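Below you'll find the structure, written out as structure tokens, and then a few comments.
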Amino acid sequence: MITLRKLLEARAAEALGGAWLPVRMTAVLLLVDGSKVWYVWSTITMLTCLGLVFHSFLRRPAFWLIIALCIATWILRLWPLVDNHHYLAGYWSLAILLALCVPDPPASLAVSARWLLALVFLWAALWKGVFSPDFRDGRFFTVRLMSDDRFEQRAVLLSGLSLEEVRANRAFLSQEEQDDSRAMTSLNTTPRFRFWVDVITWFVLAFEAALALLFLLPLGRGDPLRHVGLMLFCVGTFAFAPVWTFGWLILLLGLAMVPGEHRTLRVCYVTVWSLVSFAAYFPWDHITTLIM
Amino acid sequence: LIPYIPPILLCLVAFLQLFLVRAHDLTPWRGGGFGMFSTNDDESRLIEVWVTDAQGERPTVVTLEQWPTPVTALPSETRLAALGRRVAEAERARGNEVRSVRVAAWRSEFTAPAMRPERRLIREVVVDLDEHSRSR
């Protein structure tokens, strides 16, 4: 039975063991990943600032109860437009709340983290490999790389087309009206681009399916295979995809699974965590332009 | 059982999202099912609105206040009908006669190898003056 006193009581940092680090890092993530609902954003910012200054707040179940309720409010207020990783942040906040109410918080968080990761990758792989035919045949990445202006320079690099040709492709895909003399009847691509689209399509699908399997299999908490796989996926994906806070979150979940005595693995997670945020702001497009 | 509560919640939401995608055309990118980056059918769908008065049917421009983005992410019959009613109210407020409003939601599909974008109708709803609506 969870009493009000238990909800307000701070657990000792020692009781959290290896889970104390990912709990603090979750507060950092919530602080930087703002909501579009002003009262949710204000409340989360205020609470996480308090928690990062006065650490005992982060060890109180009531703190995470309010955070979980804020995220639930955010999701319901903007439903269905909220990004998927905000749902995951809500589940993770709930997992921290529940873990702080049981005798062994690190074990509880490790179980929640493992199954959340397994299910996130399983659903992501199912959507790509089973439910979405336009992913499997390469149409998704063909259209996304050519139509999203954030990937403009990468499309130039992968296709060998000029920037003007990529922009003409974007206009074609977005059904913008074109001068009749320049009207395109089909997308302008190259064998090189089609090769890279196939590589990216199958690499992403295979990697996500493999990670789902690794987290579903009953391997040890510190098994390096799943952790190295997760870190490689994050470096390869979130350095380029415009959702690096999703990368931060799944790295946190991975870190929460690592027992406290596995120092090397924990250092690796924190390093990759920093790398992902660094890479997210790195001027890739500028570098690509210089190379070209 | 306690540590399994968040993963169970994730599964429930994901199954609900799958149902909404299949039954009500929610975009797979949204709704908590982790279908982002899996399909070109994201929330950038096209919504068209036509107003019928004594002279016949004419297309109308929908303002941002009448057209919240969740309509494009989940163009269910209820949401399209609600948009149609808001348009009818706005037209009447401007002194225009309105007999019915027709609202249609479209998605873009790309057919290989040309990848020429083609519109596919997701759902169309007609809101009559007597507030009864019918969908196609």
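No experiment lies behind these values; they were computed from the predicted model shown. Naming: A, B, ... by sequence-line order, numbering from 1 per chain.
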Give the member of [options] that has the highest number of heavy-atom pairs under 4.5 Å with chain A.
{"options": "B:P28, B:C11, B:G33, B:A112", "answer": "B:G33"}
{"options": "B:T27, B:L20, B:L9, B:V21", "answer": "B:L9"}
{"options": "B:L18, B:L74, B:V13, B:D42", "answer": "B:L18"}
{"options": "B:P7, B:A73, B:S44", "answer": "B:P7"}

Top residue by heavy-atom pair count (under 4.5 Å) with chain B, among A:F131, A:F140, A:W92, A:F135?
A:F140
Tell me which of these, A:T201, A:V204, A:L81, A:L94, has more heavy-atom pairs under 4.5 Å with chain B than the rest.
A:L81
Just by distance, with hydrogens left out, do [X] and [Y] show a side-chain donor and acceptor under 3.5 Å apart?
{"X": "B:W29", "Y": "B:T39", "result": "no"}
{"X": "A:T189", "Y": "A:R194", "result": "yes"}
{"X": "A:D134", "Y": "A:S132", "result": "no"}

Is chain A contacted by the side chain of B:L26, its backbone, both, or neither, given a heavy-atom distance below 4.5 Å?
side chain
Interchain contact, B:S108 with chain A, by part (heavy-atom threshold 4.5 Å):
side chain
Contact residues of residues 110-124 of chain A (partner chain B; heavy-atom separation under 4.5 angstrom):
A:V111, A:S112, A:W115, A:L116, A:L119, A:V120, A:W123, A:A124
Are side-chain heavy atoms of A:M146 and A:F193 found at a separation under 4.5 Å?
yes
Flag, side chain of B:Q17 to backbone of B:R30, donor-acceptor distance under 3.5 Å:
yes
Can you list everything that forms a side chain to side chain contact (heavy atoms under 4.5 Å, CB included) with A:V130? Sequence neighbours excluded, please.
A:L126
Across all chains, not counting sequence neighbours, the side chain to side chain contact (heavy atoms under 4.5 Å, CB included) partners of B:E89 are none
Test B:N40 against B:R107 for side chain to side chain contact (heavy atoms under 4.5 Å, CB included), laying out the working first.
CA-CA 9 Å; B:N40 290 310; B:R107 67 162 64 93; over 6 Å; no
Taking only residues at least two apart or on different chains, which pairs with a member in residues 200-209 of chain A satisfy salt bridge (Lys or Arg N to Asp or Glu O under 4.0 Å)?
A:K128-A:E208
Closest contact, heavy atoms only, B:I122 versus B:R45
CD1-NE, 3.7 Å
Given heavy-atom pairs under 4.5 angstrom as the criterion, report whether the side chain, backbone, both or neither of [X] touches chain B.
{"X": "A:Y87", "result": "side chain"}
{"X": "A:T142", "result": "side chain"}
{"X": "A:D83", "result": "both"}

Counting only heavy atoms from other residues, nucleotides and ligands, does the tally under 6.0 Å from CZ of A:R77 exceed 12?
no
